[in-house]
Amino acid sequence: MSNQADQVATMLGDATLAELSADLRGEAIVPGDAEYEARRAIWNGMIDRHPAVIVLCRDTADVIASVRFARSNNLPLAVRGGGHNVAGNAVCDDGLVIDLSPMTAVHVDPVRQTARVQGGATLGDLDHATRAFGMAASTGVVSMTGVGGLTLGGGVGWLQRKYGLACDNIVSAEVVTANGQVITASETENSDLLWGLRGGGGNFGVVTSLELRLFPVTTVYAGFLIYPMEQATEVLRYYDEFCRDTPDELTLIASLATVPPEEFVPEELRDKLGLFILVSHCGEMEAAEESLRPLRAFGQPAVDMLGPMPHFELQRMYDAAYPAGNRWYWKSDYVRALDEATIETLVKGAAARPTPLCAIDIHQMGGAVSRVAADATAFGHRDAPYLINTYAGCVEPHEDAATIAWPRGVSAKLAPNATGAYVNFLSPTDSAGARLAYESGTYERLVALKTKYDPTNLFHLNHNIPPRS
Ligand SMILES: Cc1cc2nc3c(=O)[nH]c(=O)nc-3n(C[C@H](O)[C@H](O)[C@H](O)COP(=O)(O)OP(=O)(O)OC[C@H]3O[C@@H](n4cnc5c(N)ncnc54)[C@H](O)[C@@H]3O)c2cc1C
C-alpha cells in the first residue's frame, strides 16, 4: 500500500469520506479496504498507482457527486471505463478514481437502430445486447475493451471501412462536466462538444452514456491466413497492392506476431514469429469469397482459417491473446505508404523483438474512415492508408527496459514516413502526447473547446489538451 494514498485518505478524514458515501449508491473504496488492490489494477501491469479513493459509480448521480468531491477537495481526478488504456490514465496516485465499471447497461432501440450504452460498458457488453436484435456497432477487435475510452479516442475495428469509426457513429452523449452539471452533446445541443467527443478523448468531462448508431451485421466472412517469415516481405508488398482496391466491406490487419502452438498450425511454425493477415468482410458471403480469392491465391499461406462466422464470435476471437496483467508499452504511427523502406523496417524490427509478446499490427484504413471530412470530427489523420501499432509486452519488471526500447526503436525508424499517432495507442511517456494525434487546426479547436468546457483542467489525467490560461 502507498503511504501517500493512505495519508491523503486520512487527511480527507472519515467525516468527509462519509459525506461522499452518503451521496452515493455505489461504494467509495480507500487504501486498506479488501477490494482496494484488485480495483486499482488495470490491464497494463506496468501501471502501479495508488489512488486515495476509488468510487464505484452506479449511476450519473454518483459521477456528479464524485466530480464535485474531487474538485472541492483539490484531488487529482482519473476516469476509468474498461481500464484497457496502455497509458494507464484510468488510475492515479493520491487522487480520486471515478470507476464506471458498474455502469454497463445497454439499451437497444431497434426502430432507430441505435444503442444507449453506459460509460463503463465493454465492447462485449455492447455486442451481447445488439446481436439479439441482429445488429452490431462499429467498435474494436477485443471484447474486454471499454466502449467509452475506445469511442472517445476514435475506435478502429472490423466495421470501420464500411460504417466508419466508433466515434463517427456517436448520435449523442450524456456528459458530466467539470462543474458537475449534466449536459447532452448531439447535432442539435452542444454540437461543438459532440465534435470534440468524436476523437478528442476524455478531456471534456465524464461520459455517462453514449448513443451509438447500429448496423445490420450478423454473419461475417472472417479469420486469418498465416505465412512463414521467409514470405513476409513479398506478402506485405502484395498486401499493400491488394489493400488499394478492396471493397468497403473488407477490412484487413497484417500482423507480425507469434504463431500460436495450435493443432491447425504446421509444427515448424508453432511459437515462431509469423505473418498473419487478419480479415473481416461484412457483406454477402459470395462477394467475400470473390474479393478474397486473389489474396488467398498469393504466396503459400501455411494456414487458411477464413470462412463465415458470427460477427459476435469474431469480436471475441482474439481476446485470449491479450490477458490483463502483463506489462505493456506501445507506439503507433500513421504512415503515408507501405513502401519498401517501411516493409524492411517492420520485418527487421519484428525479428529483433525482445519477447514473444511483442508484435506489429498494420491496420488497413481508408474506406468510410477517409471519406469523413478532416474538420468534421476531432479524430486526426483520416487520410493515412495504414495505422501501425508496435506493441511490446513482458511478464517480469526486469524486462521493462527492453520492452520500452523496442517499440521506440521501430517507431523512430518509421518517422520519415509517419504523419502522426493514434491517441488510443499512446503510451505514458509519449512526450508530444495529444499533439501527435491531431493536425494543428484540429488541435487549436480542441484547445478552444477545452477552455470552454474545462477551463481549470480538472480532467487532466488523459492525453491532455491543456486549456488556454
Ligand atoms: C487488448 C486491447 C485491444 C485494443 N483494441 C483496440 C481496437 O481494436 N481499436 C481501437 O480503436 N482501440 C483498441 N484498443 C485501445 C483502446 O481503444 C484504448 O485503450 C481505450 O482508451 C480503452 O478504453 P477503456 O475505457 O477500456 O480504457 P480506460 O483505461 O478505462 O480509459 C482510458 C481513458 O479514456 C477516458 N475514458 C474512458 N471512459 C470514459 C468515459 N466514459 N468518459 C470520459 N472519459 C472516459 C479516460 O480519459 C481514461 O483515462 C485496444 C486496447 C487493448 C488493451
Side-chain angles (χ1 to χ4, degrees), residues 41-45 47 49 57 60 63 67 77-92 97-101 103-104 117-126 138-160 165-167 170 173-178 185 196-197 199-210 251 253 278 280 314-315 317-326 328-330 332 357 359 361 363 365 369 379 387 389 391 393 422-428 434 454 458-465:
I42 57 168
W43 178 78
N44 186 357
I47 307 296
R49 299 196 181 132
C57 294
T60 301
V63 174
V67 167
L77 176 60
V79 179
R80 177 188 179 130
H84 246 200
N85 198 285
V86 68
N89 290 317
V91 279
C92 57
V97 173
I98 291 184
D99 184 343
L100 299 169
S101 56
M103 293 174 61
T104 60
V117 190
Q118 280 192 310
T122 61
L123 307 193
D125 295 322
L126 176 57
S138 178
T139 59
V141 305
V142 170
S143 76
M144 300 91 82
T145 306
V147 176
L150 176 127
T151 305
L152 297 174
V156 304
W158 293 122
L159 301 179
Q160 62 178 14
L165 300 162
C167 70
I170 305 176
E174 182 187 84
V175 184
V176 177
T177 58
L197 297 179
N203 273 283
F204 306 105
V206 186
V207 175
T208 42
S209 70
L210 287 164
T251 298
I253 304 172
L278 313 177
S280 175
L314 173 64
Q315 290 294 96
M317 193 163 153
Y318 302 112
D319 286 4
Y322 304 100
N326 287 335
W328 295 96
Y329 190 87
W330 295 11
S332 79
L357 289 168
D361 287 353
H363 294 256
M365 302 302 283
V369 178
F379 186 80
L387 166 62
N389 185 15
Y391 51 103
Y422 175 31
V423 74
N424 273 346
F425 292 169
L426 290 173
S427 274
D454 184 16
L458 181 71
F459 300 106
H460 64 278
L461 296 173
N462 41 46
H463 292 297
N464 196 231
I465 299 163

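FYI, side chains are in, hydrogens and waters are out, and symmetry mates aren't considered; it's all heavy atoms of this structure. Counting convention: from 1, in listed order, for ligands and their atoms alike.
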field: Within-cut-off N or O pair, Gly146 and ligand 1, under 3.5 Å
entry: yes
- line: the protein heavy atom lying closest to atom 38 (N) of ligand 1 turns out to be Gly149 N, 3.4 Å
- prompt: Which residue and non-hydrogen atom of the protein lie closest to atom 46 (C) of ligand 1, and at what distance in Å?
  reply: Val79 O, 3.5 Å
- prompt: Roughly how far, to the nearest 0.5 Å, is CG of Asn44 from OG of Ser427?
  reply: 7.5 Å
query: Using heavy atoms and a threshold below 4.0 Å, how should the contact between Val142 and ligand 1 be classified: side chain, backbone, both, or neither?
result: side chain
task: Mark whether atom 53 (C) of ligand 1 lies under 4.0 angstrom from at least one protein heavy atom.
output: yes
field: Min N/O separation Leu152 to ligand 1 under 3.5 Å
entry: no
- prompt: Which of the listed options, Trp330, Tyr322, Trp43, holds the heavy atom that is closest to atom 50 (C) of ligand 1?
  reply: Trp330
task: May I ask whether Gly153 has any heavy atom positioned less than 4.0 angstrom from an atom of ligand 1?
output: no
query: What are the atoms of ligand 1, with element, lying closer than 4.0 Å to any heavy atom of Gly155?
result: 11 (O)
query: Which of these, Val63, Val207, Val176, has its nearest heavy atom closest to atom 41 (N) of ligand 1?
result: Val207
- line: The closest protein heavy-atom partner of atom 43 (C) of ligand 1 is Gly205 O, 3.3 Å
query: Taking the inter-plane angle between the rings of Trp43 and Trp328 on a 0 to 90° scale, is it parallel (under 30°), tilted (30 to 60°) or perpendicular (over 60°)?
result: parallel
- prompt: Looking at ligand 1, does any of its N/O atoms fall within less than 3.5 Å of an N/O of His84?
  reply: yes
field: Protein heavy atom at shortest distance from atom 8 (O) of ligand 1
entry: Val141 N, 2.9 Å
- request: Heavy-atom distances under 4.0 Å are what count here, so tell me which part of Phe425 touches ligand 1: side chain, backbone, both or neither.
  value: side chain
statement: When distances are taken from atom 4 (C) of ligand 1, the protein heavy atom at minimum range is Thr145 OG1, 3.8 Å
message: For Gly140, is there any backbone N or O sitting under 3.5 Å from a side-chain donor or acceptor partner on Gln315?
response: yes
